[in-house]
Asker: 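Okay, here's the structure, questions in a sec.
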Amino acid sequence: QFEKKFKEFFGFNPALWHSGITKKNKKIIWNGIITEKIKVVIGARSSLFLPFKNLGMIIVDEEHDQSYKQDEGVIYNARDMAISRASFENIPINLITAVPSIETFKNVKVKKYKISKILNRFQNASLPNYEIIDLNKAKLQSKSWLSSEVIKKVKKHLDKKDQVLFFLNRRGFSPFVFCKKCLNTYLCPNCSINLVYHKHKKNLLCHYCGFKSNLNRKCIKNEICDFIFSGPGVERIAEEIKKIFPNENHIIFSSDTMNKKNSLEILEKIVSNKISILIGTQLISKGFHFPNLNCIVVVDIDLSSQGHDLRGAEKNLQLYHQLSGRAGRTGKPATVYFQTYNLNKNMIFDITNKNPDIFLTKELELRKKNNLPPYQRFISLIITSNDEKKLQKQSFEFKNYIQTKLDDLVLGPVNAPIYKIRKNFRVRLLIRGKKSLKVQNSLSLAIQNFKFAKGIKLSVDVDPISFN
Ligand SMILES: [Zn+2]
Ligand SMILES: [Zn+2]
């Protein structure tokens, strides 16, 4: 959709750079950039490494998007790298967002960044209203995840030919499967995580390593297992919707359904309102323009402060604004309905407020008070090995060593929340330090002088986003 808009506006096609393009095209673009024939590149994270000679400007769209962070292999945050590159080359950089990340918000507050605001929404549409449906009162039927209250509201929208989105950020049918008789679950053999049941693909899938399995297995006494599918994924919500609204077209909008050749066709159908109900994961919050979408149901919003994730609240804010940005884009009244058990009224009020600065200001104060990023530097050290014993021993040795080399606080080692991924056990240390380059420098020196045993790997994640 973005490429099309670009062509309409500028009258020429930009060069597109992402992991999916062919080798041949990569070569053409690479050459075009060296010879300065290509003037504009629209690129994913890796486009920052292209050999621009005379780069004039960088624009980072949706700067708050946490997928700019690459968590595997070489760990880096493409947004921050873009900022560094612009600073080295002494060129302007524009960070674009509806709701800034907390780091960017802080940089605006301390006047490191200049801000300009677009005061009117596209086509002057107003932001949607929101309503909360208290699931403690609106009791759900068994094996049902949509309250009768929400169904009534949705019916009204459908009667007006509004498109409806049910949002649930969980792929597949059910995230947790176990047997009533033998009580066995399905764990990934490579990761310490449940396999998610995908009914359409008829398999159980690990969302971390891609391990696949099926439901066939022997129960006790050589019987067949009697499965309980616990909790919903988008496929399950789709089944419920099919029962409630048998005459409406619906589609699941997730990475399982939208990375295929026909996804452009599906997008067309959504835009032309041939599909009345969407059931979507986070994928749908990313910048699409669906003119008839005027009703969003957030199936289950978890507003409890999310334990180990210091960005939990910020993520909820981003998600809400991204979602509501999808609704009511052509000026018709639109509503976002939240189903929730957790009636954190203040939190809901803050994140749904049309002015996100209110939330961000509070959140920033909280971070300052508790000495959290962006006021302090966090560095995660993740030590992994397929030898659990060796890993435990080495991580303590490493902790003791590194603590003597740094002035900063080193926390841990603790087992990572996802203790095993791809057969490797994982232990985490966390360094909390002042915001200066000093800690990075001392750390990189110290690491070079520590000899890890064979089969032990260390990853360093500066300004971590994921704490899994
Ligand atoms: Zn796995
Ligand atoms: Zn069983």
Side-chain angles (χ1 to χ4, degrees), residues 19 66-67 69-75 142-143 168-236 239 252 254-260 281-283 302 306-309 315 380-392 395 413-428 455-459 461 464-468:
S19 59
Q66 296 184 338
S67 58
K69 178 96 185 195
Q70 175 161 311
D71 277 327
E72 289 198 26
V74 182
I75 298 176
S142 103
K143 287 185 191 163
L168 178 69
N169 200 21
R170 215 175 288 135
R171 292 163 52 204
F173 182 82
S174 168
F176 188 67
V177 184
F178 68 101
C179 165
K180 262 200 274 203
K181 291 189 287 188
C182 65
L183 300 177
N184 279 325
T185 58
Y186 283 96
L187 273 176
C188 177
N190 309 321
C191 314
S192 52
I193 201 140
N194 283 312
L195 295 176
V196 176
Y197 181 52
H198 285 246
K199 202 169 183 178
H200 292 180
K201 294 176 182 163
K202 293 196 184 68
N203 64 21
L204 292 148
L205 190 65
C206 173
H207 287 179
Y208 277 82
C209 72
F211 174 85
K212 278 180 207 154
S213 173
N214 56 45
L215 283 172
N216 298 334
R217 70 174 177 196
K218 277 273 176 288
C219 195
I220 34 171
K221 297 180 205 152
N222 247 342
E223 288 174 37
I224 302 165
C225 277
D226 191 357
F227 292 117
I228 298 212
F229 298 95
S230 175
V234 280
E235 289 181 6
R236 199 168 202 180
E239 266 189 16
I252 294 173
S254 76
S255 58
D256 297 298
T257 58
M258 291 306 288
N259 56 7
K260 298 191 186 110
T281 63
Q282 189 123 24
L283 186 68
D302 181 12
Q306 303 180 334
H308 60 274
D309 188 354
K315 280 180 189 163
S380 288
L381 303 172
I382 304 129
I383 310 167
T384 57
S385 172
N386 57 16
D387 184 334
E388 192 177 0
K389 253 194 181 155
K390 208 151 88 178
L391 173 70
Q392 294 292 350
S395 47
V414 291
N415 293 347
I418 302 177
Y419 183 40
K420 194 171 84 171
I421 295 181
R422 291 186 193 93
K423 290 195 162 75
N424 281 309
F425 297 92
R426 310 165 69 243
V427 164
R428 300 183 72 106
I456 303 237
K457 200 187 147 210
L458 170 74
S459 311
D461 185 356
I465 282 186
S466 161
F467 290 85
N468 283 338

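As the structure lists them, so they are numbered: ligands from 1, and atoms in each ligand from 1.
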Asker: Output yes if Cys191 passes the N/O/S-under-2.8 Å test against the Zn ion (ligand 1); output no otherwise.
Answerer: yes
Asker: Which heavy atom of Ile421 sits nearest a heavy atom of Cys191, and at what distance?
Answerer: CA-SG, 3.8 Å
Asker: A quick test of your reading: do over 12 heavy atoms of other residues, nucleotides or ligands sit less than 6.0 Å from NZ of Lys181?
Answerer: yes
Asker: Given the Zn ion (ligand 2) as the apex, I'd like the angle to SG of Cys219 and SG of Cys179, rounded to 10 degrees.
Answerer: 110°
Asker: Would you call Lys390 and Ile456 a side-chain contact if the rule is heavy atoms closer than 4.5 Å?
Answerer: yes
Asker: Is the side chain of Asn214 donor-acceptor paired with the backbone N or O of Asn203 at a distance under 3.5 Å, no angle test?
Answerer: no
Asker: Angle at the Zn ion (ligand 2): provide the value between SG of Cys225 and SG of Cys182, rounding to 10 degrees.
Answerer: 110°
